[in-house]
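Heads up: the structure comes next, in structure tokens.
Excluded from the calculations below are hydrogen atoms, water molecules and symmetry mates; all remaining heavy atoms, backbone and side chain alike, are included.
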Amino acid sequence: QVQLVESGGGLVQAGDSLRLSCAASGRPFSSYVMGWFRQAPGKEREFVAAISGSGGSTYYAESEKGRFTISRDNAKNTVFLQVNSLKPDDTAVYFCAATLTFDRWLLTTPQTYDYWGQGTQVTVSS
């Protein structure tokens with residue numbers, strides 16, 4: 001069992017940067033592949049990025065490569081999402097999620113993940 005708590009969201013202006021954090025507790029953190037998803041009002045939850053248990057492999061949604069950076073600190077049981085050059089279209093609730101499944105072709109699918117945080121709201125004004 002893993003508990004996930006996101007933080008770092010807020011109201012920002014277009015062009016700003018944010019660093020989202022997700023703190024985990026429970027089973028050894030390094031066992032889990034961690035992912036970030038986001039969900040805008042009226043839209044489906046979409047994949048943003050994922051990172052392997054060791055942090056040695058990262059995966060990004062094609063549309064967001066370059067502006068998003070996922071990283072993790074296993075000593076602190078935390079995964080991060082750095083988002084640069086924020087745009088109004090980035091407005092969404094951002095969720096972190098954990099899975100023991102390491103299949104890169106499945107990491108973009110929400111159903112692959114077993115544990116989810118409550119989300120943190122990011123609002124980008126123009």
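No single ILVMFWY cluster, assembled from side-chain heavy atoms under 4.5 Å apart, contains both W116 and V122. Hydrophobic clustering (side-chain heavy atoms under 4.5 Å, transitive across Ile, Leu, Val, Met, Phe, Trp, Tyr) keeps F80 apart from V83.
The backbone N or O of V124 lies less than 3.5 Å from a partner atom in the side chain of T91, making a donor-acceptor pair. Remark: the backbone N or O of A24 is not paired with any side-chain donor or acceptor of T78 at under 3.5 angstrom. The closest donor-acceptor contact from the side chain of R67 to the backbone of N84 lies under 3.5 Å.
Proximity of T120 to S7: side-chain heavy atoms (C-beta onward) are nowhere separated by under 4.5 Å. Counting only heavy atoms from C-beta outward, the side chains of L18 and D16 never approach each other to under 4.5 Å. Two residues are said to be in side-chain contact when any heavy atoms from C-beta on lie closer than 4.5 Å; V79 and F29 meet this criterion. For the pair Y113/T101, no side-chain contact is recorded, criterion being any heavy-atom separation below 4.5 Å from C-beta on. Side-chain atoms of F95 and Q39, non-hydrogen and from C-beta on, do get closer than 4.5 Å to each other. You'll find the side chain of V2 stays beyond 4.5 Å of the side chain of D114, heavy atoms only. Contact of the D90 side chain with the F68 side chain is registered, since non-hydrogen atoms from C-beta on lie closer than 4.5 Å.
In this structure, the separation between CG on L86 and CD on Q13 is 11.5 Å, given to the nearest 0.5 Å. Between atom CG of residue L4 and atom OG of residue S25 there is a gap of 7.5 Å, rounded to the nearest 0.5 Å. With rounding to the nearest 0.5 Å, the separation of CD1 in I70 from SG in C96 is 9.0 Å. Taken to the nearest 0.5 Å, the OH atom of Y32 stands 4.5 Å off from the CG atom of L100. Interatomic distance, R72 CZ to C22 SG, rounded to the nearest 0.5 Å: 9.5 Å. Residue W36 holds its CH2 atom at 5.0 Å from CG of L20, rounded to the nearest 0.5 Å.
Closest approach of N74 to S54, counting heavy atoms only: ND2-CA, 4.3 Å. In plain terms, the two heavy atoms of A98 and M34 that are nearest each other are CB-SD, 3.6 Å. S52 and G56 make their closest contact through OG-N, 3.3 Å (heavy atoms, listed as atom of the first residue, atom of the second, distance). The minimum heavy-atom distance between S126 and A14, with the atom names listed, is CA-CB, 4.3 Å.
Within 6.0 Å of CD on Q118 lie more than 12 heavy atoms contributed by other residues, nucleotides or ligands.
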Show your reasoning for whether side chain to side chain contact (heavy atoms under 4.5 Å, CB included) applies to T69 and Y60.
CA-CA 8 Å; T69 303; Y60 295 93; 3.9 Å; yes

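Taking the six-membered ring where tryptophan is involved, the planes of F47 and F37 are perpendicular, since the angle between them exceeds 60° and thus also 30°.
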